[in-house]
S.K.: 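Here it is, the structure, as structure tokens.
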Amino acid sequence: MSEYILVAVAWPYASGPRHLGHVAGFGVPADIFARYQRMKGNRVLMISGTDEHGTPVTLAADKEGITPKQLVDRYNEVIGNDLYQLGLSYDLFTRTTTRNHYAVTQDLFKTLYERGYIIVQTTLGAFSASTGQALPDRYIEGTCPICGYSEARGDQCDNCGSQLDPTDLINPRSKVDGQPPVFRDSEHFFLDLPAFAAQLQAWLVQQEHWRPNVRSFSLNMLADLKARAITRDLEWGIPIPLPEYADRNDKKIYVWFDAVIGYLSASIEWAHNQGTPDAWREWWQNPSARHVYFMGKDNIVFHSIIWPSMLLGYGNGGTFGGGQGEPLHLPTNIVSSEFLTMEGKKFSSSRGIVIYVRDFLSRYDPDPLRYFLTIAGPENQDTDFTWAEFVRRNNEELVATWGNLVNRTLTNVYRNFGCVPQPGRLSDVDQGVLDEIAHGFTTVGELIDAARFQAAIKETMRLASLVNNYLSEQEPWRVIKTDRERAATILYVALRCVDNLKLMFTPFLPFSSQQLHAMLGYSGFIAGPLEFREYTESDGSTHRVLTGAYATWVGRWEPTDLPVGQALLQPAPLFKKLDESVVAEELARLEQA
RNA sequence: GCCGGGGUAGCUCAGCGGUUAGAGCGAUUGAUUCAUAAUCAAUAGGUCACGAGUUCAAAUCUCGUCCCCGGUACCA
């Protein structure tokens, strides 16, 4: 019985290229989960896109003297390429500047507004004296009234940690042009979060399967819930869908309000692109579907409080819901990761403590990166990326344990038989190792399903060691000198194990598993490939999306019947051993940046 | 400040009330040589941040202290 599973992946922000920390937090874990579920035969819809509105985009564009749209076009392409090269198997990776996304966002806004969940309040805002541009709190700096630190931000002082208001600062100035800001009243729309407090509470207490930090953090927030502004004084954003704002260019929907709606709008776009415009309902209006969200810990509140409130308020209503069927589905699980640091420090583009995904992949293969981010990534606590550790994990774990097992097995078989050998009678030891590997489909599968990816890949590696152990004990290279049939049996068993491990490694290491699949003499795509497609919307605008024909995958999450006699291809190493000098080279590169 | 998470072997991390606290790597010793000098086995290595408490039993629960990370509602 196949399940409907929505894999909702956090939307990378299109203000610049993304670094390793970003993909460690949401991309790789989500892809492992999605690939496993597809191999298992479930109906997976994995969606996301670039998040393209908001102040940082406009400021970055101003700095370069280009329009926000030009800037996000560039980074949508860069980020899309990164994700493609990493093999993240989105059913749809789109963007928030599509006509479809605007329409869905406006539908939610309008529906929530009509139902009284959006209210108007006046707040004091800061504006640039020269350009009139609104300045978010953190774009204002000045002297901290508490500790006297001269570079305190409008929201917080980094020196003493005090929470501040921009109006508290002594000698406030804009971080953009250094001029003192002008403060004036501004009318904004607020999402009435307290209206959902009771429903959220009832829902959250039931979510005992969530990682504890997500649940307790969210429950805690409920105690002191306030209405939250969902519009900004900004030109760049989705227009407020009310008649009196139709011609106004100074106030737009807040970027986070539209970003979370992306999960729904991307599902709707996917269905439309497939030519089955209502297919999104099979995930969103299906109470037995599972919705699993992946993100970094800084995004929790938007997914556990704000987005659920919006879904509760919308129900099945509005233009897209059509007032029919079940209310839209709330998150089933919110898988939040901790943070990856870089050589002991926080990632920081401005200070050059960063490795961009594209730079990394220009020099190294995607699977070693996916391996590192899974086995040593920030799943349960902050973890550190160091080049020394990356090289070590690559050489001494990935190459030595799994790569070597594949290479020694295939080389032995290829040289002596050329094809999958006919086994003789299996001994208890033979059957024992086959059974243990086959059992991995259960243990590894359960770990992945529970979002315990680190434990899952460790278990898979342990199984690979087991087969190395089996070969060491059985010594087929010695046996073959005296007993060819026994050697054939041993190698057949090892090859069956490798074939099954190949499948178990596929969610983690899709590229090398595909290579191995071919070397074992199989055809077809075990789990791939990804592709870009161009779509044109009704207004004639086009955009590129990342997608793939995943239904054609031949990889199944179950033991294989490796056909006796199947011809193998000439084996070649799956992974490259990295020279120790890589560490010094990369550290020097960081120094220069 | 407040809220949440974390501090465990040389390193990177699991474990989160129950036999003598685990893994991988590193170290030492031995075996092996089919394989990318890749493998396999054994040994050594820890007052589980610190202090107090609850309990028959604490790395695990409670309280306090110190340090690191995130959030703190106008960064996303």
Side-chain angles (χ1 to χ4, degrees), chain A residues 10-15 51 53-57 59 123-126 134-140 146 153-156 160-163 165-166 186 188 190 193 211-221 223-229 231-234 254-256 259 296-302 305-306 336 338-339 341 346 375-384 386 388-389 392-393 395-397 399-401 403-413 415-416 452 454-455 458 461-462 465 468-473 475-478 480 487 491 571-577:
Chain A
W11 291 55
Y13 195 58
S15 63
D51 177 17
H53 297 117
T55 308
V57 161
L59 293 178
T123 56
L124 192 65
L135 295 167
D137 290 357
R138 69 167 44 202
Y139 285 96
I140 299 168
I146 293 158
R153 288 196 318 254
D155 55 343
Q156 188 174 50
C160 68
S162 309
Q163 224 189 120
D165 256 339
S186 181
H188 281 291
F190 284 69
L193 293 173
R211 289 182 188 172
N213 60 332
V214 179
R215 181 165 170 269
S216 44
F217 172 84
S218 307
L219 277 168
N220 205 281
M221 280 212 64
D224 188 25
L225 214 50
K226 290 177 228 155
R228 184 151 176 152
T231 50
R232 291 288 183 276
D233 291 299
L234 198 63
Y254 172 42
V255 59
W256 257 117
K297 60 179 163 182
D298 52 341
N299 282 184
I300 294 173
V301 63
F302 299 100
I305 304 278
I306 297 176
S336 135
E338 303 293 308
F339 280 1
T341 53
K346 247 163 117 168
I375 201 155
E379 184 173 309
N380 297 298
Q381 62 174 290
D382 293 355
T383 58
D384 195 28
T386 63
E389 186 70 359
R392 190 194 69 67
R393 293 255 187 201
N395 291 353
E396 287 161 24
E397 297 181 12
V399 172
T401 304
N404 180 50
L405 170 63
V406 171
N407 197 230
R408 71 196 300 210
T409 306
L410 265 62
T411 304
N412 270 293
V413 173
R415 182 186 302 151
N416 294 303
R452 298 191 54 202
Q454 199 175 91
K458 280 183 177 169
M461 288 295 279
R462 190 188 69 81
S465 296
N468 271 324
N469 189 342
Y470 169 81
L471 284 175
S472 289
E473 282 173 0
E475 302 182 300
W477 51 88
R478 177 188 302 229
I480 197 157
L491 288 173
L574 281 185
F575 308 105
K576 295 187 195 86
K577 193 162 176 170

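Note on naming: letters A, B, ... go to the chains in the order of the sequence lines (proteins, then strands), and numbering restarts at 1 for each one. What's counted below: heavy atoms across the whole structure, side chains too, no hydrogens, waters or symmetry copies. Since we're looking at a predicted model, the values are computed, not measured.
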S.K.: rU32(B) and rA37(B): how far apart are their C1' atoms, nearest whole angstrom?
M.R.: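 Approximately 13 Å lies between the C1' atom of rU32(B) and that of rA37(B).
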S.K.: Distance from Arg228(A) atom CZ to Trp256(A) atom CH2, nearest 0.5 Å?
M.R.: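 Separation between the atoms: 9.5 Å.
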S.K.: Could you measure between the two P atoms, the one in rA14(B) and the one in rC74(B), and give it in whole Å?
M.R.: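 Nearest-Å result for rA14(B) against rC74(B) at atom P: 33 Å.
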S.K.: Along nucleotides 23-33 of chain B, 5' to 3', which nucleotides get a B, which get an S, and which get a -, given that the test is a protein heavy-atom distance under 4.0 Å?
M.R.: -SSS-----SS
S.K.: Does Arg452(A) have any side-chain hydrogen bond (donor to acceptor under 3.5 Å, both in side chains) partners at least two apart in sequence or in another chain, and if so, which?
M.R.: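 For Arg452(A) there are no side-chain hydrogen bond (donor to acceptor under 3.5 Å, both in side chains) partners, ignoring immediate neighbours.
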S.K.: Using the C1' atom in both, what is the distance from rC11(B) to rU33(B), to the nearest Å?
M.R.: 30 Å
S.K.: For Leu574(A), answer base if it contacts any base atom (sugar-phosphate contacts may also be present), sugar-phosphate if it contacts only those atoms, and nothing otherwise; contact means non-hydrogen atoms under 4.0 Å.
M.R.: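 Since a base atom lies under 4.0 Å of Leu574(A), the category is base.
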S.K.: OG1 of Thr55(A) to CG of Leu135(A): how many Å apart, nearest 0.5 Å?
M.R.: 9.0 Å
S.K.: From CD1 of Ile480(A) over to C1' of rC34(B), roughly how many Å is that when rounded to an integer?
M.R.: 10 Å
S.K.: Say you pick atom C1' in rC75(B) and the same atom in rC13(B); how far apart are they, in whole Å?
M.R.: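 To the nearest whole Å, 31 Å.
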S.K.: Applying side-chain hydrogen bond (donor to acceptor under 3.5 Å, both in side chains), name anything that partners Ser186(A), two or more places apart in sequence or on another chain.
M.R.: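 Expected list: His188(A), Asp233(A), Lys251(A).
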S.K.: Over all strands shown, is Asp384(A) touching base, sugar-phosphate only, or nothing at heavy-atom distances under 4.0 angstrom?
M.R.: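 Here Asp384(A) touches the backbone only, sparing every base.
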S.K.: What integer number of Å spans the P atoms of rU29(B) and rC48(B)?
M.R.: 30 Å
S.K.: Among residues at least two apart in sequence or on other chains, which ones pass salt bridge (charged side-chain N to carboxylate O under 4.0 Å, His left out) with Arg393(A)?
M.R.: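 With sequence neighbours excluded, Arg393(A) shows a salt bridge (charged side-chain N to carboxylate O under 4.0 Å, His left out) to Glu389(A), Glu397(A), given in chain and number order.
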S.K.: Rounded to whole angstrom, note down the P distance from rG5(B) over to rU60(B).
M.R.: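 Going atom to atom, P in each nucleotide, I get 15 Å.
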S.K.: Once ring pair (Phe, Tyr, Trp, His ring centres under 6.0 Å) is applied, do any residues pair with Tyr13(A), and if so which ones, sequence neighbours excluded?
M.R.: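 Listed in chain order: nothing, the list is empty.
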S.K.: What's the gap between rC34(B) and rU43(B) when it is taken at their C1' atoms, as a whole Å value?
M.R.: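 The same atom, C1', in both gives a distance of 28 Å.
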S.K.: Using Watson-Crick and G-U wobble pairs whose two distances are both under 3.5 Å, how do you write the pairing of RNA chain B as dot-bracket, with | for links to another strand?
M.R.: ((((((((.[[[[.)..(...]]]].(((((.......))))).....[[[[[..)....]]]]])))))))....
S.K.: How many angstroms lie between CD1 in Ile306(A) and CG in Leu225(A), if you round to the nearest 0.5 Å?
M.R.: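 Ile306(A) CD1 to Leu225(A) CG: 8.5 Å, rounded to 0.5 Å.
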S.K.: Residues in side-chain hydrogen bond (donor to acceptor under 3.5 Å, both in side chains) with Arg215(A), at least two apart?
M.R.: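 side-chain hydrogen bond (donor to acceptor under 3.5 Å, both in side chains) check on Arg215(A) returns nothing, list empty.
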S.K.: For the pair made of CG in Asn380(A) and C1' in rC68(B), what is the distance, rounded to whole Å?
M.R.: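 So the two atoms are 17 Å apart, to the nearest Å.
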S.K.: Write down the distance separating the P atoms in rC16(B) and rG22(B), rounded off to the nearest Å.
M.R.: 14 Å
S.K.: When all nucleic acid strands are considered with a 4.0 Å heavy-atom cut-off, which category describes Glu473(A): base, sugar-phosphate, or nothing?
M.R.: nothing
S.K.: For Ala400(A) and for Pro476(A), find the nucleotide of RNA chain B with the closest heavy atom, then tell me which residue's nucleotide is more 5'.
M.R.: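 This one resolves to Pro476(A).
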S.K.: Please state how far atom CZ in Arg452(A) lies from atom C1' in rC16(B), giving the value in whole angstrom units.
M.R.: 11 Å
S.K.: Output the rounded distance in Å from CG (Asn468(A)) to C1' (rU39(B)).
M.R.: 6 Å
S.K.: Determine, for nucleotides 70-76 of chain B in 5'-to-3' order, which nucleotides have protein heavy atoms under 4.0 Å from the base (write B), from only the sugar-phosphate (write S), or from neither (write -).
M.R.: SSBBBBB
S.K.: Rounded to whole angstroms, how far apart are CD on Glu338(A) and C1' on rG6(B)?
M.R.: 8 Å
S.K.: For Arg462(A) and rC40(B), give me the distance from atom CZ to atom P, rounded to whole Å.
M.R.: 13 Å
S.K.: Mind checking what makes side-chain contact (heavy atoms from CB on, under 4.5 Å) contact with Ala400(A), not counting sequence neighbours?
M.R.: none
S.K.: Tell me every residue that passes salt bridge (charged side-chain N to carboxylate O under 4.0 Å, His left out) with Lys297(A), counting only those two or more places apart in sequence or in another chain.
M.R.: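 With neighbours one apart ignored, the set is Glu338(A), Asp382(A).
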S.K.: Name the nucleic acid region contacted by Asn412(A), choosing base, sugar-phosphate or nothing; use a 4.0 angstrom heavy-atom cut-off, strictly under.
M.R.: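 The answer is base, as Asn412(A) lies within the cut-off (heavy atoms under 4.0 Å) of a base atom.
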S.K.: The criterion is salt bridge (charged side-chain N to carboxylate O under 4.0 Å, His left out); which residues satisfy it with Lys346(A), sequence neighbours excluded?
M.R.: none
S.K.: Return the CG to CG distance between Asn412(A) and Leu471(A), rounded to the nearest 0.5 Å.
M.R.: 7.5 Å
S.K.: Determine the contact category for Thr386(A): base if any of its heavy atoms lies under 4.0 Å from a base atom, sugar-phosphate if only primed atoms, P, OP1 or OP2 are that close, otherwise nothing.
M.R.: nothing
S.K.: Would you please name every residue forming a salt bridge (charged side-chain N to carboxylate O under 4.0 Å, His left out) with Glu475(A), sequence neighbours left out?
M.R.: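 If we apply the salt bridge (charged side-chain N to carboxylate O under 4.0 Å, His left out) test to Glu475(A), skipping adjacent residues, the hits are Arg478(A).
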S.K.: Please figure out whether Val214(A) or Ser472(A) has its closest RNA chain B nucleotide nearer the 5' end.
M.R.: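 Going by which nucleotide is closer to the 5' end, it is Val214(A).
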